[in-house]
**Q** 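Take this structure first; my questions come after.
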Amino acid sequence: MRALFAAALIGPLVIGGAHAQELTGTLKKIKDSKTVTLGYRESSIPFSYLNRPGDPIGYSIDLCNAVVDETSKEIGGVETTVKYKKVTAETRIPAVRSGEIDLECGSTTANFERKKEVAFSPIFFVAGTKLLVPRSSGISSYRDLRDKTVVVTAGTTNEAAVRSISGKQHLGIKFLVGADHAESFAMLKEGKADAFATDDVLLYGLVAQHKAQKDYQVVGEFLSYDPYGIMFRKGDAQFAEVVKRAFHDLAEDGEIERQYKRWFLQRLPGGQSLDLPMSPQLETLIRVMAAKPE
């Protein structure tokens, strides 16, 4: 009787910081199903893309798997199966909101409008909109796009950035929309567009993947500021804490920097290399991420 009374005072059994009987949202979903579903992109190099055998790999994929490891600890070491689900720029947010995927592991800008619909991890990369053009085009800036055609990828923030500048500068830019980055790049290669506008790091990745450095170049000023985060469902406090803790640990022990070097400074599995040093902005964000809460 005394043992039962003591147990009542102590409360529910705690597993990994979450009450076992009180798991909610994504943690409960994962524990009950013993499955976590990661959304991946097919051509967001080097964040999330397919290798030659067709498996999702990349910087974002590795960070997502670190969150999966932390989640497994949080639900008491329950063995979970990782499933992958392809998403595009247009389908990624609906897939998160509907529960079709638990984490979106891609190259998604964590902006104010999107935060109304989904939640984001701490920032793990900072990019910005630039232009990819043929070296023979004579285009070196958005100022050279008057009455020209620009291709953008559906569902990205880049289209809004270029449309805004076109309107303000009265450039009369015409737009084409690709279903994904690979299709947008194909439109540029086929001569259907004069420039491809998206995040600079994705442009460098596409050029490296296609070994097209001799024919194409990334040009111009930054037309937007795009901090990347991993998406998950909004209003899920338990899972948000797990995601935050996973990123803190990645930053504190230097793992996130090691992953950065692997994907941005060393040769990728396909043999290409981006040779893109970490920006001062990201270095600062990682230092803040590693700091212990006061």
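The basis for the numbers below is simple: all heavy atoms, side chains too, and nothing from hydrogens, waters or symmetry mates. By convention here, the first residue in the shown sequence is residue 1.
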**Q** Nearest 0.5 Å, please: how far is CD1 in I30 from OG1 in T71?
**A** 5.0 Å
**Q** Which pairs count as side chain to side chain donor-acceptor pair (under 3.5 Å) when at least one residue sits in residues 161-177, sequence neighbours excluded?
**A** E159-R163
**Q** So with a 6.0 Å cut-off around CZ of R97, is the heavy-atom count from everything else above 12?
**A**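 No, not enclosed.
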**Q** Does the pair S279 and E283 meet the rule for a side chain to side chain donor-acceptor pair (under 3.5 Å), with working shown?
**A** CA-CA 6 Å; S279 67; E283 289 177 350; over 6 Å; no
**Q** Is the shortest heavy-atom distance from the side chain of K86 to the side chain of Y40 under 4.5 Å?
**A** yes
**Q** For K234 and E117, run salt bridge (Lys or Arg N to Asp or Glu O under 4.0 Å): C-alpha distance rounded to whole Å, both residues' side-chain angles, the deciding distance at 0.1 Å, then the answer.
**A** CA-CA 7 Å; K234 189 176 176 67; E117 299 186 81; over 6 Å; no
**Q** Any side-chain heavy atom of Q217 sitting closer than 4.5 Å to one from L132?
**A**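 Side chain of Q217 against side chain of L132, heavy atoms only: no contact under 4.5 Å found.
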**Q** Do V78 and V242 land in one hydrophobic cluster if side-chain heavy atoms of ILVMFWY residues count as linked below 4.5 Å?
**A** yes
**Q** With a 4.0 Å cut-off on N to O distance, would you call R258 and E255 a salt bridge?
**A**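 Here R258 pairs with E255 in a salt bridge, since their nearest N and O are under 4.0 Å apart.
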**Q** Suppose the criterion is disulfide (SG to SG under 2.5 Å): which pairs have a residue in residues 72-148, not counting sequence neighbours?
**A**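 For residues 72-148: C64-C105.
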**Q** Identify the heavy atoms of D194 and V133 that sit nearest to each other, and give their distance.
**A** O-CG1, 3.8 Å
**Q** Does any part of the side chain of E70, heavy atoms only, come nearer than 4.5 Å to the side chain of V67, both counted from C-beta?
**A** no
**Q** Would you say that T108 contacts R92 through its side chain, given a criterion of any heavy-atom pair below 4.5 Å between the two side chains?
**A**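 Yes, their side chains come closer than 4.5 Å.
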**Q** If I take atom CD1 from residue I61 and atom CD from residue Q259, how far apart are they, to the nearest 0.5 angstrom?
**A**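 With rounding to 0.5 Å, CD1 (I61) is 11.5 Å from CD (Q259).
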**Q** Dump the intermediate steps for side chain to side chain donor-acceptor pair (under 3.5 Å) on S184 and T153, then the final yes or no.
**A** CA-CA 6 Å; S184 297; T153 301; 2.9 Å; yes
**Q** Got a sec, which residues hit side-chain hydrogen bond (donor to acceptor under 3.5 Å, both in side chains) with D144, two or more places apart in sequence or on another chain?
**A** S140
**Q** Group every Ile, Leu, Val, Met, Phe, Trp and Tyr by side-chain heavy-atom contacts under 4.5 Å, then state whether W263 and L282 land in the same group.
**A**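 Result: yes, single cluster for both.
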**Q** Would you say that V87 contacts R41 through its side chain, given a criterion of any heavy-atom pair below 4.5 Å between the two side chains?
**A**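 Yes. Closest side-chain heavy atoms under 4.5 Å.
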**Q** With heavy-atom distances below 4.5 Å as the criterion, would you say the side chains of V118 and F232 are in contact?
**A** no
**Q** Mind running side chain to side chain donor-acceptor pair (under 3.5 Å) on E221 and S141 for me, showing each step along the way?
**A** CA-CA 7 Å; E221 310 88 334; S141 165; 3.3 Å; yes
**Q** Excluding sequence neighbours, so at least two apart, what forms salt bridge (Lys or Arg N to Asp or Glu O under 4.0 Å) with E79?
**A** none
**Q** Step by step, would you call D102 with T26 a side chain to side chain donor-acceptor pair (under 3.5 Å)?
**A** CA-CA 7 Å; D102 300 306; T26 303; 5.0 Å; no
**Q** Report the C-alpha distance between V201 and Y59 in whole Å, list the side-chain angles of each, state the deciding distance to 0.1 Å, and finish with yes or no for side chain to side chain contact (heavy atoms under 4.5 Å, CB included).
**A** CA-CA 12 Å; V201 64; Y59 179 55; over 6 Å; no
**Q** Once rounded to the nearest 0.5 Å, what's the spacing between atom CE of M231 and atom CD1 of I101?
**A** 6.0 Å
**Q** Would you compute the distance between atom CD of E100 and atom OG1 of T91 and round it to the nearest 0.5 angstrom?
**A**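 Nearest 0.5 Å value for the CD-OG1 distance: 7.5 Å.
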**Q** Charged N to carboxylate O below 4.0 Å: is that the case for R262 and D62?
**A**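 Yes.
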**Q** Give every residue pair that meets the disulfide (SG to SG under 2.5 Å) criterion with at least one member in residues 196-260, sequence neighbours excluded.
**A**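 Not a single pair qualifies under disulfide (SG to SG under 2.5 Å).
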**Q** Does a side-chain N-to-carboxylate-O contact under 4.0 Å join R287 and E252?
**A** no
**Q** Regarding T109 and N111, is there a side-chain donor-to-acceptor distance under 3.5 Å anywhere?
**A**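 No, N111 and T109 have no side-chain donor paired with an acceptor closer than 3.5 Å.
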**Q** Side chains of Y49 and I57: closer than 4.5 Å at any heavy-atom pair?
**A**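 Yes, side chains in contact.
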**Q** Donor-acceptor pair, distance only, cut-off 3.5 Å: does the side chain of T284 make one with the backbone of P280?
**A**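 A pair under 3.5 Å: yes.
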**Q** Which atom pairs, one a donor and one an acceptor, fall under 3.5 Å between side chains of residues 121-131 and the rest of the protein, sequence neighbours left out?
**A**
residue, atom, partner, partner atom, Å
S121, OG, I230, N, 2.9
T129, OG1, N158, ND2, 2.8
T129, OG1, S224, OG, 2.5
K130, NZ, G220, O, 3.4

**Q** Roughly how far apart are E74 CD and K31 NZ, rounded to 0.5 Å?
**A** 10.5 Å
**Q** Quick one: does Q272's side chain get under 4.5 Å of R267's, heavy atoms only?
**A**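 No. Closest side-chain heavy atoms not under 4.5 Å.
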**Q** For the CZ atom of F185 and the CG atom of L206, what is their distance to the nearest 0.5 Å?
**A**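 If I round to the nearest 0.5 Å, the distance is 6.0 Å.
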**Q** State whether the side chain of Q209 and the backbone N or O of P46 hold a donor-acceptor pair below 3.5 Å, judged by distance alone.
**A**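 No, the answer is negative, given that no donor and acceptor are paired below the 3.5 Å cut-off.
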